[in-house]
Asks: 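The structure follows.
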Amino acid sequence: MKQPIPNQPLPDPRRLAKRRRNLLYRLPFAMTDTATGAAETDYSATLFLPETEFPMRAGLPDREPGWLKRWEEMDIYGLQREQAKDRPLFTIHDGPPYANGNIHIGHALNKTLKDLVSRSMQMLGFNSAYVPGWDCHGLPIEWKIEEQYRAKGKDKNEVPVVEFRQECRTFAEQWVDIQREEFKRLGVLGEWDNPYLTMSFDAEAQIARELMKVATTGQLYRGSKPVMWSVVERTALAEAEIEYQDYESDTIWVKFPVEQRNLSAVADRIRSQTEIVERVLVDTMQEAPARPLSVEESMQIAEKYLPSDAKVVIWTTTPWTIPANRAVSFSGMVSYGLYEITKAPEGNWASVGEKYILADKLAAETFAKAKVDEFARIADVDPSHIISCSHPLKGFGGGYQFHVPLIDADHVTDDAGTGFVHTAPSHGLEDYEAWNEYHRKRSQAFANTVGISLAERAQFLSDMARDAAIPYVVGDDGFYTNEAPGFEGARVIDDNGKKGDANNRVIAALAERNAMVARGRVKHSYPHSWRSKKPVIFRNTPQWFVYMDRDIEGAAGDTLRHRALNAIDATKFYPAAGQNRLRAMIADRPDWVLSRQRAWGVPITVFVEKTTQDILKDETVNHRIAQSFEEEGADAWYKPGAAQRYLGDAYKAGDYEMVTDVLDVWFDSGSTHSFVLRNKQKWPHLKFPASLYLEGSDQHRGWFHSSLLESCATNGHAPYEGVLTHGFTMDGDGKKMSKSLGNTVAPQDIIKQYGADILRLWVASSDYSEDLRLGKEIIQTTVDAYRKLRNTLRWLLGNLAHYEASDEVAFADMPELEQLMLHRLAQLDAQVRTAYKEYDYRRIVTLLTNFMNIELSAFYFDIRKDALYCDPISSIKRKASLTVLNHLYMCLTAWLAPILVFTMEEVWLERFPGEGSSVHLRQFPDVPTEWLNEDLAAKWTLIRAVRRVVTGALEVERREKRIGSSLEAAPKVFITDERYLTALAGEDLAEIAITSDIQVGNAEAPAGAFTLDDVSGIAVVPALAQGQRCARSWKVLPDVGSDPEFPDVSLRDAQALRERAAAGLEPLA
RNA sequence: UGGCCCGUAGCUCAGUUGGUUAGAGCGCACGCCUGAUAAGCGUGAGGUCGGCAGUUCGAGUCUGCCCGGGCCAACCA
């Protein structure tokens, strides 16, 4: 697959403008502007300014590979396992991607989410191993190899199966290697050196064991199903191997004589419909009596309305399927009538006096085709009152003696034909489904009737099996089989793909028995083989099925469907809607078809006794099979002499048919739990059932579904405790990504331009329960969020350069502002842990970005800059703040580590470098619940309201150019609401509002004072701060100048300078 | 065409059992700062809650229909 050319995103012009403004400040002429007034001493060297090498710009695309290398070298995955070996297990079981092609954005989303789960569970205190896997068998890989053959002019059928399979294996191996590197680049941590592959020998052996377990417990049976079949190539074809071309088909209209009727139902209807009754009375009884009809009378009328000589007319484009007819379908949504032919040419197939049942909308058209001159409509017909017809070929060649039931089927319309659909379950998928549905309903109705003896039940089931059997009318060579009596030797399609004589012979036989109404030809689009370009047919083919509704090992009611539905109830779904979706699918689905007539897969390792058709159930044989697969892979099945090798001395190979079909690959992947989660030797850190399966929502029909059925069949319960589904990745407008639209986004490109952490942050901040959007603007939003986050952490790191563990301040000794921050940390701790447990990553991103932006960057950090930068070494406030910064650092790096795996490692190593050091070896830190203090938080909510009013007042001053920095102000605050006064008691509002001074008074404000609409009882009157500007702290204070040693700074700053000198930090200016 | 799901500011998301004037972060505009500087702070403008109809005193929340989008309906994974 070719990757689209990476888009070099054009910078947003507005973004550029902002950048230009910032750059202006650095130009020399800009400096002259600000350099008015007396030169101030530059005290910056005497401040505790942030010091860090941590770059503002991440350079993720270049730097991420370095961390990956580091983790690989230190074997971080192994260290995690070792560290967590005594902890409870959490197992996210990997749904295997298919090993062909590069990964796309959907893979990236899926693997990233799994990594978020796995890493967060590890940090929450579990031993959370992650073993990635690949799905290796299957048709797409076969195709690729066949394509290579065709390019070389080689014929697949001439290559020994084992050799062909070897080429498929090599192909899959190559893609496993490529995808493995792509997945690792996303930052996904897992057992990459020891993944599982559905084609590894132990897997193939276990898949066969599972299949044999299904067989020996009586859940496997051989039935049949129509599949697309190419007579020319003698092979089944997949939908993708089909192309549609125009084709001329013979069409025929055929009479099906009505056989069994439900006359009393017709009579009931007549009695309930007065208008009909009136019409009937005029017609049949000469005069109308003013009384309800008796049952007898209505029965007489019914006989006239649904007479025994009526004929249902069908239309078909495949006359050759008539011998395979087993039913006639109609629709309850279509109106039908009984018609009598009143005028037609002599010798016409449709002759005068014949009564046809047709859809009203199509009657005229049908009679036109039948060259009928005149006809009359006699009555309404409800086809459900016809129980069965006889076959139009009844007795032909001694066959076709069965009843042909009428089936109400959804797929029938009155758009074309006659409103009745000839139903041949051997030759059409809809026919097949309608047929099975009909018998399923009959069987259900029977099961629901009360008072049935076991003998009656057995008799019913056996009759049912006989009636429901689907005939094999056409062989793989296109010739009729002996299940089409009277047509021996006729052929549907010949070796060159031309029409055989089947149609003509069928039409002749029908005409001879007066079953034809009309014939014609029609041009329509018809399926052809992609390879030979010749028409294909739907053909009944033997297939292996798993029963959905048979009692397993004789336990009444213990069916696979029942087990699966129970298992769904016992499973937790994220989001909850997934439960209904899966339940509906399981409740409706037909029996599971396991067989595929293909080469690259695990064979259905079953022997069938030729005379009895029984499946051989012998543990010794089964053991030999599994053993050989362990040693040689499933290829062993295809090696010469394999049959006798497995059957041993006990059986003769000649008595048994060795099945050569392979398993549906869904059985492979549905079995992963058995060969991965329960292989304790290979993966000791995994548990069964898995804690979680996590895939895209398409896997309700796929892996969730097949794994559930497989495990219910072999274990009786689900292989998972929880199921998490995510949506699909759409483009920026919510449209599906497709190569033809050119709106795809390749994960490789995002990584190259922005880095994997950006991709991961996008995943974490999206709502994965719905479809996710990804486009240029969304990536930019993510990049912006990342930058803000990174800078906040950078400032934290810069200040922590001055942190000393020995300066730690005890919680009780801290100022309230510090206690407030720790309270928030304790709150967040609970919220973050809960969100991680619920796989709610976007909540974590929202919670933490809001906290970091609003409460840290814009509030706490802004306020504490003064103390952190300027306070004396001895200052408790400064030490307390540093203590809080350390806690913030410890928590934030851990909480974000599962998401920003690279950046958090970078932040961690900046402070704690060392060979064995890694943020990913940590757990979420214990946060003391003693820090929680709701009263304090409530109090500070009030204080922050006061602060907002002050800030608002200052903004007016700024706008009026009376102040620039807030430190130039010393506003007066008038408070009439007691609650605010109480809250402010003992707090330094000037510090909190970042002004040089402030006055707070319990008094009515003068007119014109600044207020906010949503805060009552507070008013602010602005004023300039009195005193001189401190050259060190830039506050405007009256005490500046009162220290003789440092006349240009405030007393606090003079003290700070003295302490620094005493500590020998730097010489004084 | 059927089954299931989704639609709230430019973007990502909150919106309890229906209940004041629909919120947040980012982005954007404007201003401040220049000791977090390709940073930091503040203020502000952005919404017919996809549309229509209904239930209700009251609907982003409940119901129906419609529009738009997605997944599923394969011898594809």
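Chain identifiers are assigned alphabetically (A, B, ...) following the order of the sequence lines, protein sequences preceding nucleic acid strands; residue numbering begins at 1 within each chain.
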Asks: Does any donor atom in the side chain of Y860(A) or S881(A) lie under 3.5 Å from an acceptor atom in the other side chain?
Replies: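 Result is yes, a qualifying pair exists.
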Asks: Look at all strands and tell whether A584(A) reaches a base, only sugar-phosphate, or nothing, counting heavy atoms closer than 4.0 Å.
Replies: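 Touches nothing.
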Asks: N/O contacts under 3.5 Å, protein versus nucleotides 66-69 of chain B?
Replies:
from   : atom 1 : to      : atom 2 : distance (Å)
G69(B) : O2'    : G734(A) : O      : 2.8

Asks: Could you check G31(B) for me: syn (within 90° of 0) or anti?
Replies: anti
Asks: With rounding to the closest Å, how many angstrom separate the P atoms on G31(B) and G70(B)?
Replies: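 G31(B) and G70(B) have their P atoms separated by 44 Å.
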Asks: Using the C1' atom in both, what is the distance from G7(B) to U48(B), to the nearest Å?
Replies: 15 Å
Asks: Does the side chain of S769(A) get closer than 4.0 angstrom to OP1 or OP2 of C5(B) through an N or O atom?
Replies: no
Asks: Judged by atom type as modelled, is there a donor-acceptor pair below 3.5 Å linking the side chain of H700(A) to the main-chain atoms of S697(A)?
Replies: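 Yes, H700(A) side chain to S697(A) backbone: donor-acceptor pair under 3.5 Å.
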Asks: Applying a 4.0 Å non-hydrogen cut-off, can you work out what R581(A) is touching in the nucleic acid: base, sugar-phosphate, or nothing?
Replies: base
Asks: Would T46(A) and R1032(A) count as having a side-chain donor-acceptor pair, cut-off 3.5 Å?
Replies: yes
Asks: Please report the distance separating the P of G47(B) from the corresponding atom of U8(B), rounded so that it comes out in whole Å.
Replies: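 To the nearest whole Å, 15 Å.
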Asks: Applying a 3.5 Å limit to both distances, which nucleotide forms a Watson-Crick or G-U wobble pair with U37(B)?
Replies: none
Asks: What is the separation between atom CG on L1012(A) and atom C1' on G44(B), rounded to the nearest whole Å?
Replies: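 Spelled out: CG on L1012(A) to C1' on G44(B) is 14 Å.
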Asks: Across all strands shown, which nucleotide pairs with G68(B) by Watson-Crick or G-U wobble geometry, both distances under 3.5 Å?
Replies: C6(B)
Asks: Atom CZ of F861(A) and atom C1' of A39(B): how far apart are they, to the nearest Å?
Replies: 14 Å
Asks: Give the rounded distance in Å between these two atoms: CD of E146(A) and C1' of C75(B).
Replies: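 These atoms are roughly 12 Å apart.
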Asks: Any Lys/Arg nitrogen of K144(A) or E147(A) sitting under 4.0 Å from an Asp/Glu carboxylate oxygen of the other?
Replies: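 Answer for the salt bridge query: no.
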Asks: What is the pairing partner of U63(B), taking Watson-Crick or G-U wobble pairs with both distances under 3.5 Å in any strand?
Replies: A53(B)
Asks: Both distances under 3.5 Å, Watson-Crick or G-U wobble: report the partner of U16(B), or none.
Replies: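 Partner of U16(B): none.
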Asks: Does a side-chain N or O of R773(A) approach OP1 or OP2 of G70(B) to a distance below 4.0 Å, or not?
Replies: no
Asks: Using heavy-atom distances to pick each residue's nearest nucleotide on RNA chain B, tell me which of K225(A) and R57(A) is more 5'.
Replies: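 Looking at RNA chain B, the more 5' nearest nucleotide goes with R57(A).
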Asks: If we take the P atom in both U16(B) and U63(B), what is their distance in whole Å?
Replies: 14 Å
Asks: State the pairing partner of G27(B); accept Watson-Crick or G-U wobble contacts with both distances under 3.5 Å, and report none otherwise.
Replies: none
Asks: Does G964(A) reach a base, just sugar-phosphate, or nothing at all? Heavy atoms under 4.0 Å.
Replies: sugar-phosphate
Asks: So what does R1032(A) hit on the nucleic acid, given a heavy-atom distance under 4.0 Å: a base, only sugar-phosphate, or nothing?
Replies: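 Result for R1032(A) = base.
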Asks: Nearest to the side chain of S766(A), heavy atoms from C-beta on, is which of A39(B), G42(B), C13(B)?
Replies: C13(B)
Asks: Within the 4.0 Å heavy-atom criterion, would you say N791(A) contacts the bases, only the backbone, or no part of the nucleic acid?
Replies: base
Asks: L848(A) has an atom CG; how far is it from atom P of C13(B), in whole Å?
Replies: 17 Å
Asks: Considering only atom P, compute the distance from A53(B) to C11(B) and round it to an integer number of Å.
Replies: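 These two P atoms come out 26 Å apart once rounded.
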Asks: Would you classify E770(A) as touching base, sugar-phosphate or nothing, given that sugar-phosphate means primed atoms plus P, OP1 and OP2, and contacts are heavy atoms under 4.0 Å?
Replies: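 Since only primed, P, OP1 and OP2 atoms lie under 4.0 Å of E770(A), the category is sugar-phosphate.
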Asks: Would you say the base of G35(B) stacks on W1034(A) (centre-to-centre below 5.5 Å, plane angle below 30°)?
Replies: yes
Asks: At 4.0 Å (heavy atoms only), tell me whether I854(A) reaches a base, stays on the sugar-phosphate, or touches nothing.
Replies: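 If one applies the 4.0 Å heavy-atom cut-off, I854(A) turns out to touch the sugar-phosphate alone, with no base involved.
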Asks: Separation of D1014(A) atom CG from U20(B) atom P, in whole Å?
Replies: 17 Å
Asks: Looking at every non-hydrogen atom in both residues, tell me the closest pair between E710(A) and F667(A) and how far apart they are.
Replies: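 The answer is OE2-CZ, 3.6 Å.
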Asks: Looking at N110(A), D767(A), D771(A), which one forms a side chain to side chain donor-acceptor pair (under 3.5 Å) with H726(A)?
Replies: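 Of all the options given, the one that passes is N110(A).
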Asks: Would you tell me whether R589(A) and H705(A) have side-chain atoms, one donor and one acceptor, within less than 3.5 Å of each other?
Replies: yes
Asks: Who are the salt bridge (charged side-chain N to carboxylate O under 4.0 Å, His left out) partners of R773(A), not counting sequence neighbours?
Replies: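 Residues passing salt bridge (charged side-chain N to carboxylate O under 4.0 Å, His left out) with R773(A): none at all.
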Asks: Considering only NZ, NE, NH1 and NH2 on the basic side and carboxylate oxygens on the acidic side, decide whether R1029(A) and E40(A) come within less than 4.0 Å.
Replies: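 So R1029(A) pairs with E40(A) through a salt bridge.
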Asks: Looking only at atom P, what distance separates U1(B) and U20(B), rounded to whole Å?
Replies: 40 Å
Asks: Does a nitrogen or oxygen in the side chain of K788(A) sit under 4.0 Å from OP1 or OP2 of G27(B)?
Replies: no
Asks: For T849(A), which contact category applies under a 4.0 Å heavy-atom criterion: base, sugar-phosphate, or nothing?
Replies: nothing
Asks: Select base, sugar-phosphate, or nothing to describe what V665(A) touches, counting heavy atoms under 4.0 Å on all strands.
Replies: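 Answer is sugar-phosphate: V665(A) comes under 4.0 Å of backbone atoms only.
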Asks: Roughly how far apart, to the nearest Å, are U12(B) and U55(B) at atom P?
Replies: 36 Å
Asks: At under 4.0 Å between heavy atoms, what does W666(A) touch on the DNA or RNA strands: base, sugar-phosphate, or nothing?
Replies: base
Asks: Less than 4.0 angstrom from a charged side-chain N to a carboxylate O is my criterion; do D476(A) and R539(A) meet it?
Replies: no
Asks: With heavy atoms under 4.0 Å as the rule, sort R701(A) into base, sugar-phosphate or nothing.
Replies: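 Answer is sugar-phosphate: R701(A) comes under 4.0 Å of backbone atoms only.
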Asks: Distance check, P atoms only: A45(B) and A38(B), in whole angstrom units.
Replies: 31 Å
Asks: When all nucleic acid strands are considered with a 4.0 Å heavy-atom cut-off, which category describes S857(A): base, sugar-phosphate, or nothing?
Replies: base
Asks: Using whole Å, report how far CZ of R1029(A) lies from P of C33(B).
Replies: 10 Å
Asks: Find the distance R958(A):CZ to U43(B):C1' and express it as a whole number of Å.
Replies: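 Computing the R958(A):CZ to U43(B):C1' distance gives 9 Å.
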Asks: Cut-off 3.5 Å, side chains only: do Y196(A) and D94(A) have a donor facing an acceptor?
Replies: no
Asks: For A36(B), take OP1 and OP2 only and decide whether either is under 4.0 Å from a side-chain N or O of Y869(A).
Replies: yes
Asks: For the pair made of CG in L954(A) and C1' in C32(B), what is the distance, rounded to whole Å?
Replies: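 Rounding to the nearest Å, CG of L954(A) and C1' of C32(B) are 11 Å apart.
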Asks: Scan every strand shown for a Watson-Crick or G-U wobble partner of G47(B), both distances under 3.5 Å, and answer none if you come up empty.
Replies: none
Asks: Taking the nucleotide of RNA chain B with the nearest heavy atom to each, does P97(A) or S765(A) sit closer to the 5' end?
Replies: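 Whichever sits nearer the 5' end wins; that is S765(A).
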Asks: Quick check on C41(B): is either OP1 or OP2 less than 4.0 Å from any side-chain nitrogen or oxygen of K865(A)?
Replies: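 No, because none of the side-chain N or O atoms of K865(A) sits under 4.0 Å from OP1 or OP2 of C41(B).
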Asks: Is a salt bridge present between K865(A) and D862(A), judged by a nitrogen-to-oxygen distance below 4.0 Å?
Replies: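 Result for this pair is yes, salt bridge flagged.
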